[in-house]
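What you are looking at is a predicted structure, and each value in this text was computed from that prediction instead of being measured. In what follows, every chain begins at residue 1, and chains take the letters A, B, ... in the order their sequences are listed.
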There are 2 protein chains.
Amino acid sequence: MAPPPAPQTMKERILHTADKLFYLQGIRAIGVDTIAAEIGISKRTLYNHFPSKDALIVAYLERRFVHASPSDKPPAEQILATFDSLERRFAAKDFRGCPFVNAVAELGPTDRAVKKIAIAFKESRRLWFRDRLTELGVANPDALATQLVLLVDGSIAQDLVRDDPAMARAAKEAATVLLRNAGVDVGGDAKPAQGRKRPPR
Amino acid sequence: MAPPPAPQTMKERILHTADKLFYLQGIRAIGVDTIAAEIGISKRTLYNHFPSKDALIVAYLERRFVHASPSDKPPAEQILATFDSLERRFAAKDFRGCPFVNAVAELGPTDRAVKKIAIAFKESRRLWFRDRLTELGVANPDALATQLVLLVDGSIAQDLVRDDPAMARAAKEAATVLLRNAGVDVGGDAKPAQGRKRPPR
DNA sequence: GCCTAAGTACACAGGTCTGTGTAATCAAAA
DNA sequence: TTTTGATTACACAGACCTGTGTACTTAGGC
């Protein structure tokens, strides 16, 4: 399969580079000069496409706001696959936590625009979980969806400081318990994780 | 009961103020001038107590590294009380996430000293959970402890962006399910959260 | 009264940052 | 060929940052 095409327009090239640097090194740590130099353009060109660094930051976060693509797998599988995907991302050396959480942590509570995008993103993922749980006919999809996003964000935060992709596996196991507890069929009783061994009947 | 005593020594006053400003507004957002001005001392005095801003940052994080105080409550109660305590902290208007996660997010992967403290803190909390679970005789205390810290950090990250203390309740409910699944007695069957209603026997 | 330690006031060096102004260049469309 | 729009090179303003140098004041201990 073909590699992802190189960004075409100047605006896309700027966003692509800003994304890489902002995400890996932090928004406040990267100046617009650095971004322009990395692309090999003048600072003036950058400011011809974005009126301010703030605008560039907002565009960076909006570009990170990718919506989940539809899948024809069963909902329970989709939910658990989320954690496998997380584990793969943790294993990549260029993973540095959730860009939205990082931006809010970095830019403080004053930056309303950034916070708004972060809230929207978190909520969209929660709703994605909720929709899958509704398909499964779970009794309280809202509450369970919230618990699942806690596991997602918890494993991201833990991996950010510990660099340990196993956090995603731990989250997946916890999610499996929560799903099974809600009556969802998540495959064999292979990992009981019980306090006492259950005698085979 | 008496209010907490005002910091006595100059070093403590500096740390107290640095903590407040670093935590609420971000480490990079606060200059040493701002800290000195807030206390009403000269910048020179600050630099007489800390050789550099980096040293002040490290001292700030080390001061945040509070170890859990021993309790005589039963272990299961201690574990669940963690989430009640979290909820109270979320409700306070000056809560701004985990200072260690925020510092790592802000200062980037290069700052080894900061990352080291953050890892140590996260691990100390995981071990605290593990010790309580060991007291409870749980089969796999290590794995379950990791899952519990995911819920803690997940709720912190979610509250940071959403300002919703209910995240702590959601984490507590998930923790209850995980504990019960591991054979821990966590009180009545009051909240079954089951997929299908269980007929009373 | 005198000495020492701590703090103050304040300037400043040297660096970074965002954002702008200006004149020159280049390429493609008309 | 001429025009037009994008881009470049580069200087610069104004702000902020960390860290230092220096001379002055103040308060306690001897």
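- For A:R44, the listed nucleotide lying nearest its side chain is C:dT22; candidates were C:dT8, C:dT22, C:dT18.
- When each of C:dG19, D:dA9, C:dT8 is scored by its nearest atom to the side-chain atoms of A:S42, the top-ranked nucleotide is D:dA9.
- Taking atom CZ of residue B:R13 and atom P of nucleotide C:dA6, one finds them 15 Å apart after rounding to whole Å.
- Comparing D:dG19, D:dT7, C:dC10 by their nearest atom to the side chain of A:N48 picks out D:dT7.
- In this structure, A:K43 atom NZ and D:dC10 atom P are separated by 13 Å, rounded to whole Å.
- The side chain of B:T45 sits closest to C:dT8 out of C:dT8, C:dG19, D:dT8.
- Of the inter-residue distances, the one linking B:N48 atom CG with B:K11 atom NZ reads 11.0 Å to the nearest 0.5 angstrom.
- When rounded to the nearest whole Å, the span between CD1 of B:I27 and P of D:dT18 equals 12 Å.
- The distance from atom OH of B:Y47 to atom C1' of C:dA6 is 19 Å, rounded to the nearest whole Å.
- Summarising the geometry, the separation between CZ on B:F50 and C1' on C:dA6 is reported as 16 Å, rounded to the nearest angstrom.
- A donor-acceptor pair under 3.5 Å links the side-chain atoms of A:T176 to the main chain of A:K172, judged by distance alone.
- Defined by atom type and a distance below 3.5 Å, a donor-acceptor pair is missing between the side-chain atoms of B:T82 and B:S85.
- Regarding A:L46, its CG atom lies at a distance of 14 Å from the C1' atom of C:dT20, rounded to whole Å.
- Aromatic ring centres of B:F65 and B:H67 lie closer together than 6.0 Å.
- Separating the CG atom in A:L56 from the CZ atom in A:F22 is a distance of 4.5 Å, to the nearest 0.5 Å.
- Taking 4.0 angstrom as the limit, B:H49 places none of its side-chain polar atoms (N or O) nearer than this to OP1 or OP2 of C:dA6.
- Looking at which nucleotide of DNA chain C each of B:I41 and A:R28 is closest to, the 5′-most match is held by B:I41.
- The distance from atom CD1 of A:I30 to atom P of C:dT16 is 13 Å, rounded to the nearest whole Å.
- A straight line from CG of A:L107 to P of C:dT18 spans 12 Å, rounded to a whole angstrom.
- Candidate nucleotides D:dT7, D:dT20, C:dG19 were compared by shortest atom distance to the side chain of A:M10, and D:dT7 ranks first.
- A:K53 contributes no side-chain N or O that forms a donor-acceptor pair with the base of C:dG19 under 3.5 Å.
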